[in-house]
Amino acid sequence: MSPAAPRFGAQNPARLVVLISGRGSNMQALAECCEREAWPAHVAAVISNRPQAAGLAWAAQRGIATGCVDHTAFAAQSDPRAAFEAALREAIDAHAPDLVVLAGFMRILGADFVQHYAGRMLNIHPSLLPAFTGLHTHRRAIEAGCRLAGSTVHIVTPELDHGPIVAQAAVPVLPGDDEDRLAARVLRAEHVIYPRAVRAWVDGAWWLDGGRVRHAPGAADDLWHFSPRP
Ligand code: GAR
């Protein structure tokens with residue numbers, strides 16, 4: 001596969017649908033970059049699986065379409081996960097997304113759902129993958145004695161937190177760090193790296209080739225970030 005010609009412009013901006021479960025600060029960073037830097041892209045909708053997610057209120061206040069598909073509402077169905085994912089897919093596809101952006105979306109997604117968005121769904125995971133897939137990444141990094149921690153933007157594949165890596169940010173683990181301090185440092189780096197990864201996708205500056213991400217000349221330089229010791 002080779003790089004595609006840029007598909008998006010001012011007249012046909014990329015439609016980003018962002019999935020959140022809570023605070024939504026990565027979604028905010030993305031929406032703000034889109035606006036401030038006049039990207040040929042916009043956040044078409046923000047959808048949560050939790051009605052009380054703070055990010056939903058922020059998005060609504062900015063005039064961004066919002067939606068909620070509450071996963072707890074499907075508990076009585078014979079296959080609650082399948083029913084939830086069918087409803088979620090419908091809610092997302094109503095906004096005709098070019099790219100689905102998971103930003104602190106805390107539900108594991110099944111293979112059929114992932115397949116439907118194959119190659120056009122990104123996630124940000126708060127570790128330097130392939131280390132520390134799953135939960136409690138900061139606590140596990142501290143307990144393992146890591147000197148560096150960070151975050152990874154990757155393409156979503158059916159295997160949790162294992163898809164091809166698009167971008168990474170590294171931060172130091174400092175003496176006296178606890179989970180919250182480290183999480184805050186990683187989050188600041190996420191707000192740099194996630195918008196860059198999405199912008200580079202919009203610009204056609206990276207693409208998937210045989211399970212690996214390839215970059216246009218020079219484009220890879222924007223897709224890593226290192227926060228030096230404060
Ligand atoms: C972020 O740190 C993100 O990497 C993490 O949740 C946080 C969401 O923050 N995602 C995961 O753990 C996914 N497995 P935000 O709601 O402020 O963007």
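Counting starts at 1 for both ligands and their atoms, following the listed order. As a basis for the values below, the full set of heavy atoms in this structure was taken, side chains included, without hydrogen atoms, waters or symmetry mates.
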Report summary line: At a 4.0 angstrom heavy-atom cut-off, ligand 1 is contacted by R23, G24, S25, N26, G104, M106, I124, H125, P126, L187, E190
Query raised in the report: Would you say T152's side chain and Q168's backbone share a donor-acceptor pair under 3.5 angstrom?
Result: no
Contacts table for residues 23-30: side-chain donor-acceptor under 3.5 angstrom, sequence neighbours left out:
residue: S25; atom: OG; partner: H191; partner atom: NE2; Å: 2.8
residue: N26; atom: ND2; partner: E190; partner atom: OE1; Å: 3.3

Report task. Looking only at non-hydrogen atoms, find the nearest pair between A65 and A44 and report the distance. Result -> CB-O, 3.5 Å
Query raised in the report: Okay, side chain of W39, backbone of A14: is any donor-acceptor separation there less than 3.5 Å?
Result: no
Query - Residue from F8, W207, Y194 passing ring pair (Phe, Tyr, Trp, His ring centres under 6.0 Å) with W201 - result: F8
Query raised in the report: If you take all heavy atoms of I20 and A53, which pair is closest and at what distance?
Result: CD1-CB, 4.2 Å
